2 protein chains.
Amino acid sequence: MPLKNTGTEQLIKDTAKRLLFAEGKLHATTQEIADAAGVNRTALHYYFRSRDLLIAAIFQDAMQDLSRRLAECMTADLPFKAKTENIIAVFLKDMMAFPYQETFLVTEINTLGKQLINNIESGPVKSYLKEAADEMKKGTIEQMNPVHFLMNLFSLLSYPLIMAPLYQKLFQLSDKNFKALIAERGQLIIGLLFREQ
Amino acid sequence: MPLKNTGTEQLIKDTAKRLLFAEGKLHATTQEIADAAGVNRTALHYYFRSRDLLIAAIFQDAMQDLSRRLAECMTADLPFKAKTENIIAVFLKDMMAFPYQETFLVTEINTLGKQLINNIESGPVKSYLKEAADEMKKGTIEQMNPVHFLMNLFSLLSYPLIMAPLYQKLFQLSDKNFKALIAERGQLIIGLLFREQ
DNA sequence: TTTTAATTTGACAATTTTGTCTAACAAAAA
DNA sequence: TTTTTGTTAGACAAAATTGTCAAATTAAAA
């Protein structure tokens, strides 16, 4: 008999991702996840066997998603600056929806060990770094280790969103004003990373 | 009778901070903390009553430490660029020792609520932002909302260290090479934030 | 409709984690 | 030395969290 595919398995995973990646509740229990999904906690065991396996599935999904996004963005058939603008658009959007995804990944790696990372493809990143090096020779971007360039890019994109709860208070910004600031950052980052044309 | 002050209370807190802030094990249990400190788990209850209170104490300490560092750095009696260089030195050193301190703060805020932040002093930051605005008028730094300038600064400083476990793999860097890269970032950040002299 | 199998659920069990209590221990004071 | 009190540790209890099982439900297949 084929699966009925009621969507519950996906619902559980999506709900867990919302709690973990969007709301940043990294200690979420199976009960909290089940409640948020509106299903009995047993369903979680039916589909994933155990909490650890659910977390492992979410971890793998997130790693694969990150790998896929990197591969798509880094190897897009675009000139370097346009490619970088696309990276910013894609990652900024993703960070706004799921600011704590990378934090979750790192926390899991820190608690379970680095062997969790087995399948992250570094090829696409390598080729982007090579392009960045070429741009530096051309003089369109500052001379530096290309790894710095990429770390700068991701830092400027991601960190403000990860630290939003702290920074909103520190800078005394309303939700609305903070969002407006974040929306400005795409352009601003381009301006910082590329020399004035 | 005076306290014997065996240092155990401080030892427990320091050990917990090491696990949480340095090793990034945000799910550390009381047993793990006690074991790492080499004390009986009961000692933890003797000094802090409960796990929640220990976490609360650590949270308050971290917030106060952050506040203090901000106040000291932001109001130092130095010209703007030197002040910024000092901020970089101070925060880079701290991030190298405790990369997950801010992550811990944000995670706690996300799980327990924003009312956790009651006593962060925004005055010193405000005055630094004002100075940054003045520099923009003078033209030594790019024109932008000063909040962006400060978010850029902290992002460039902090994010690479927080994401080290991921980035080392993604960039295929040994511990040694990664450390060397991080050590370069102070200068690099200054170069990015300040116009060529 | 009846059958069949996937799904969902509630009750219960096991495990993990946290918290308490009492006694042992250690060091300063009497 | 004896007393006193802060500290530490082991045994036990409670609570929270996770895991299991069997029955009920649902929807597709026969």
Side-chain angles (χ1 to χ4, degrees), chain A residues 1-21 23-62 100 104 107-108 110-113 116, chain B residues 1-21 23-62 100 104 107-108 110-113 116:
Chain A
M1 192 189 224
L3 298 183
K4 284 183 185 171
N5 198 3
T6 57
T8 303
E9 179 168 4
Q10 195 58 42
L11 171 65
I12 290 171
K13 243 184 352 189
D14 289 346
T15 305
K17 284 178 186 173
R18 174 164 62 77
L19 291 181
L20 295 168
F21 302 166
E23 300 179 16
K25 294 180 178 163
L26 299 186
H27 312 302
T29 66
T30 55
Q31 188 67 63
E32 286 166 336
I33 295 168
D35 287 352
V39 303
N40 190 287
R41 192 173 56 82
T42 315
L44 197 147
H45 288 92
Y46 177 72
Y47 288 106
F48 300 95
R49 299 259 306 284
S50 73
R51 182 186 193 278
D52 283 356
L53 286 173
L54 169 61
I55 296 293
I58 289 170
F59 182 91
Q60 293 306 333
D61 278 11
Y100 304 103
F104 165 83
T107 299
E108 289 301 308
N110 284 333
T111 48
L112 300 182
L116 274 185
Chain B
M1 194 190 220
L3 298 183
K4 285 183 186 171
N5 199 4
T6 57
T8 304
E9 179 168 2
Q10 196 58 43
L11 170 65
I12 291 170
K13 244 185 349 190
D14 289 346
T15 304
K17 284 178 186 172
R18 174 164 61 78
L19 291 181
L20 295 168
F21 302 166
E23 300 180 17
K25 293 178 180 165
L26 299 186
H27 313 301
T29 66
T30 55
Q31 188 67 63
E32 287 166 335
I33 295 167
D35 288 352
V39 303
N40 190 286
R41 193 173 55 82
T42 315
L44 196 148
H45 287 92
Y46 176 72
Y47 287 107
F48 299 95
R49 298 257 307 283
S50 73
R51 182 187 193 277
D52 284 356
L53 286 173
L54 169 61
I55 296 292
I58 289 170
F59 182 91
Q60 293 305 331
D61 278 11
Y100 304 104
F104 166 83
T107 299
E108 288 302 307
N110 284 334
T111 48
L112 299 181
L116 274 184

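The sequence lines fix the lettering, A, B, ..., with proteins before strands; numbering per chain opens at 1. Keep in mind the model is a prediction, meaning the values are calculated, not measured.
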**Message:** Looking at B/G7, is its backbone amide N or carbonyl O close enough to the side chain of B/Q10 to form a donor-acceptor pair, meaning the two atoms are under 3.5 Å apart?
**Reply:** no
**Message:** At less than 4.0 Å, is any side-chain N or O atom of A/Y46 found next to OP1 or OP2 of C/dT9? Yes or no.
**Reply:** no
**Message:** Under the criterion side chain to side chain donor-acceptor pair (under 3.5 Å), I'd like the reasoning laid out for B/N40 against B/T42: C-alpha separation, chi angles, the key distance, then a yes or no.
**Reply:** CA-CA 5 Å; B/N40 190 286; B/T42 315; 2.7 Å; yes
**Prompt:** Would you call the rings of B/F104 and B/F59 parallel, tilted or perpendicular if under 30° counts as parallel and over 60° as perpendicular?
**Reply:** tilted
**Message:** Whole angstroms only, please: what is the CZ-P distance between B/F48 and D/dT8?
**Reply:** 12 Å
**Request:** Hey, could you give me the OH/CD distance between B/Y100 and B/E23, rounded to the nearest 0.5 Å?
**Result:** 10.0 Å
**Request:** Could you tell me whether A/A43 contacts a base, only the sugar-phosphate backbone, or nothing, with contacts defined as non-hydrogen atoms closer than 4.0 Å?
**Result:** base
**Request:** Working to the nearest 0.5 Å, report the span between CZ of B/R18 and NZ of B/K25.
**Result:** 8.5 Å
**Request:** Rounded to the nearest angstrom, tell me the gap between atom CD1 in A/I55 and atom P in D/dT17.
**Result:** 14 Å
**Request:** Decide yes or no for B/F48 and B/K13: does some side-chain heavy atom of the first lie under 4.5 Å from some side-chain heavy atom of the second?
**Result:** yes
**Item:** Nucleotide-resolved protein contact map, nucleotides 10-25 of chain C, B/S/- at heavy-atom distance under 4.0 Å
**Value:** B-------BBBB----
